[in-house]
Chemist: 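Here it is, the structure in full.
Ligands are counted one by one from 1 in listed order, and the atoms in each one are counted from 1 as well. In this text the structure is predicted, and so the values were computed from the model without any measurement. All values below come from the heavy atoms of this structure, side chains included, with hydrogens, waters and symmetry mates left out.
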Amino acid sequence: MTQIDNVLHENRSFPPSEEFRAKARYSSEEQYEADYRRSIDDPEGFWGDVALELPWIEPFDQVLDWSDAPRAQWFTGGKLNASAVCLDQHLGGARANKTAILWEGEPGDVVSYTYTELHEAVCRFANVLKKRGIQKGDRVAIYMPMIPELAMAVLACARIGAIHSVIFGGFSASSIRDRVEDGACSAIITADGGWRRGKVLALKDVVDEALSEGGASGGVHTVLTVRRTENPVGWTEGRDCWYHELAAEVDADCPPEPMDAEDTLFLLYTSGSTGKPKGIQHTTGGYMVGTYLTTQVVFDLREDDVYWCTADVGWITGHSYIVYGPLANGATCVMYEGAPNQPHPGRFWELIEKHGVTVLYTAPTAIRAFMRWGDEHVDKHDLGSLRLLGSVGEPINPEAWIWYRNKIGGGRCPIVDTWWQTETGGIMMTPLPGVHATKPGSCMKPFFGIDPVVFDSDGEEVTGEGGGYLAIRKPWPSMLRGIWGDSERFRETYWSRFEGNLYFPGDGARVDADGCTWILGRVDDVLNVSGHRLSTMEIESALVSHPSVCEAAVVGRPDEITGQAICAFVSLAAGLEGDADMEAVLAAHVAKEIGKLARPAEIRFADALPKTRSGKIMRRLLRDVAAGKEVTQDTTTLEDVSVIEKLQGR
Ligand code: WTA
């Protein structure tokens, strides 16, 4: 619970300006309360009305079937296609020639697509997939840089009813292999490379490595490669094909496949508190309804907005708030390939000025990094086009919030601090920008249809201001429908913590006297490093898979920039020395096993790890050691007290 000390003392609040309020879709507490009330008292009526704003191929008969809880079914009987919601519906009218994607590569190349052009590109992409024999229901892994073809690949899968499984470009070959095998993917879409910090990230090579060691990933019959960086790539005849070659052979006529509302749209793997990542499963109807409404209301979207979400499509934020939600609303979306400080630490601000960005949605870790790089990089740019700011991925500390508001938002832009998860599909708690007087660090109020509650460890509702475990009482349309291939784990992880089919997100929360929610961080063994979810157990398994390691425990320690940093405690096999070389070897090993994002910031060596007499590693104690705190906890249950002294001495 990293920020509890800060937020307990935070009592500033910032109402929206009159100017903002005057134009906002929701501009008063009464208006929010009225719709919120209806969404809770009559969820079927509320969501049914929202759903009717989407183009259905066949109408739904029932809004919600919760009879087989926790397996929800929304909009049963309805048919639609997510790519048609994002594209085809905009072609008949004024949006046909509106910019859908405005993309800038890291080297500064700019390409934009109107809705008509994006539609054509997606249809062509879909026909390429069909030409390679990919069919409705097949799983397709996508491992790509942040280029427009990534959004096209996602939408092309949706168009033909194939289930996409996007794997973030920072994951390693073995992480790809695990995900491809778990989802039994038959194809992988990748690119020769992408630009990152002035260098080519050779993605196709990583895919080749993932497929080289056989296993069930032998089921992959196609590796479709988009050309981006023109670096040399290895080639397996028969399996590998260039996107541009096949695209030239197909036409751009591809009717959208009518999908059942409950057909799976995608899988997205995320870390849980056990070693194996979970394939979170989202379906078509509910997910589209949820992302459509949240994008429209939370960002108070206007027709002339230039909207920029800086996430990567490899994470849920990119799925919901770069691709599906904004395009379903006919928005103009900026997409940027590279690093925020390439070639200079003002790149984001330069992009905002250049493209006239009006809505910026980014992560606290980026905000904190920009703060450290210095105001002078911001001051060089005119950010006057901005009218709304968003934050997502981790708790935002009040200091970063205030800097974001003043330095980036010029004191005039409301900030929406949005709390949600891969599993929830869309935003769950947030202020509405024209309504709420926001408090720095609070995600404020539940979104429509979301019914949160805080429990203590005995499952009793916490009514005062004390913190506890967050739970959600009602189903909502964009909720996960399962963990791919593991319905037992689905029930166990999310639905068994509290009685009565309540969803357990794994976060702690506190509700203050004004009814505003403060998220206190994860209550399980999940770390949040730079807004990326990582499981301590996954990193531990990576460490112990190295022959030099005897035992490992991984904890998070607070970090000014990344929120949490990974700190590993390792005991080595007999006779080995825990020196800087060993630390480098093990850090590189973790990067190879999982990806660079999981590389420990610090590895401490000890002859043994602190354990209770029953043999359990004392993680709470290790967290204190990692944070450099005095160990105040009772160590009487510890098997060998001298271990702690050694770990603290480094
Ligand atoms: C954390 C990212 C505080 C939280 C959308 C959650 C947040 C996890 C916020 C999900 C926020 C996300 N304030 N904490 N505004 N947003 N989190 O699945 O711990 O990558 O459980 O989804 O990030 O991470 P995920």
Chemist: Looking at ligand 1, does any of its N/O atoms fall within less than 3.5 Å of an N/O of Ile396?
Modeler: no
Chemist: Do the charged groups of Glu461 and Arg473 touch, with an N to O distance under 4.0 Å?
Modeler: yes
Chemist: Answer yes or no: does an N/O atom from Arg533 fall short of 3.5 Å to an N/O atom of ligand 1?
Modeler: yes
Chemist: Applying a heavy-atom cut-off of 4.0 Å, say which part of Val526 lies close to ligand 1: side chain, backbone, both or neither.
Modeler: neither
Chemist: Counting non-hydrogen protein atoms only, what is the nearest one to atom 16 (N) of ligand 1? Give residue, atom name and distance.
Modeler: Gly393 N, 3.1 Å
Chemist: Measuring only between side-chain heavy atoms, which start at C-beta, is Tyr269 closer than 4.5 Å to Lys278?
Modeler: no
Chemist: Are any non-hydrogen side-chain atoms of Ile472 and Ile450 less than 4.5 angstrom apart?
Modeler: yes
Chemist: Pick whichever of Ala311, Pro395, Ser320, Ser271 has a heavy atom sitting closest to atom 3 (C) of ligand 1.
Modeler: Pro395
Chemist: Before we go on, tell me: are the rings of Phe168 and Trp315 under 6.0 Å apart, centre to centre?
Modeler: yes
Chemist: Where is the nearest protein heavy atom to atom 18 (O) of ligand 1: which residue, which atom, and how far?
Modeler: Thr422 OG1, 2.5 Å
Chemist: Under 4.0 Å from any heavy atom of Thr317, which atoms of ligand 1 are there?
Modeler: 5 (C)
Chemist: Is there a nitrogen or oxygen of Asp417 sitting under 3.5 Å from a nitrogen or oxygen of ligand 1?
Modeler: yes
Chemist: Taking it one step at a time, do Leu265 and Thr283 satisfy side chain to side chain contact (heavy atoms under 4.5 Å, CB included)?
Modeler: CA-CA 5 Å; Leu265 178 60; Thr283 59; 5.9 Å; no
Chemist: Going by the order shown, which atoms of ligand 1 are within less than 4.0 Å of some heavy atom of Thr418?
Modeler: 9 (C), 11 (C), 15 (N), 16 (N)
Chemist: Any cation-pi pair here, Arg412 with Phe20, using under 6.0 Å and within 45°?
Modeler: no
Chemist: Does any N or O of ligand 1 fall below 3.5 Å from an N or O anywhere on Gln421, backbone included?
Modeler: yes
Chemist: Using a 4.0 Å cutoff against the non-hydrogen atoms of Asn528, which atoms of ligand 1 qualify?
Modeler: 1 (C), 23 (O)
Chemist: Quick one: which ligand 1 atoms are inside 4.0 Å of a heavy atom on Val392?
Modeler: 5 (C)
Chemist: Would Glu394 and Arg368 pass as an ion pair if we require N to O under 4.0 Å?
Modeler: yes
Chemist: Between the side chains of Arg21 and Glu29, is the shortest nitrogen-to-carboxylate-oxygen separation below 4.0 Å, so that they form an ion pair?
Modeler: no
Chemist: Ion pair present between Arg557 and Glu602, side-chain N to carboxylate O less than 4.0 angstrom?
Modeler: yes
Chemist: Got the closest protein heavy atom to atom 13 (N) of ligand 1, with its distance?
Modeler: Glu394 O, 3.4 Å
Chemist: Do NZ/NE/NH1/NH2 and the carboxylate oxygens of Asp486 and Lys276 come within less than 4.0 Å?
Modeler: no
Chemist: Among protein heavy atoms, which lies nearest atom 10 (C) of ligand 1, and at what distance?
Modeler: Trp420 O, 3.6 Å
Chemist: In terms of residue, atom name and distance, what is the protein heavy atom nearest to atom 6 (C) of ligand 1?
Modeler: Asp507 OD2, 3.1 Å
Chemist: For Glu423, is there an ion pair with Arg533 - N to carboxylate O distance below 4.0 angstrom?
Modeler: yes
Chemist: Report, in ascending order of atom number, the atoms of ligand 1 lying under 4.0 Å from any heavy atom of Ile519.
Modeler: 3 (C), 14 (N)
Chemist: Looking at ligand 1, is there an atom of it that comes within less than 4.0 Å of some heavy atom belonging to Trp315?
Modeler: no
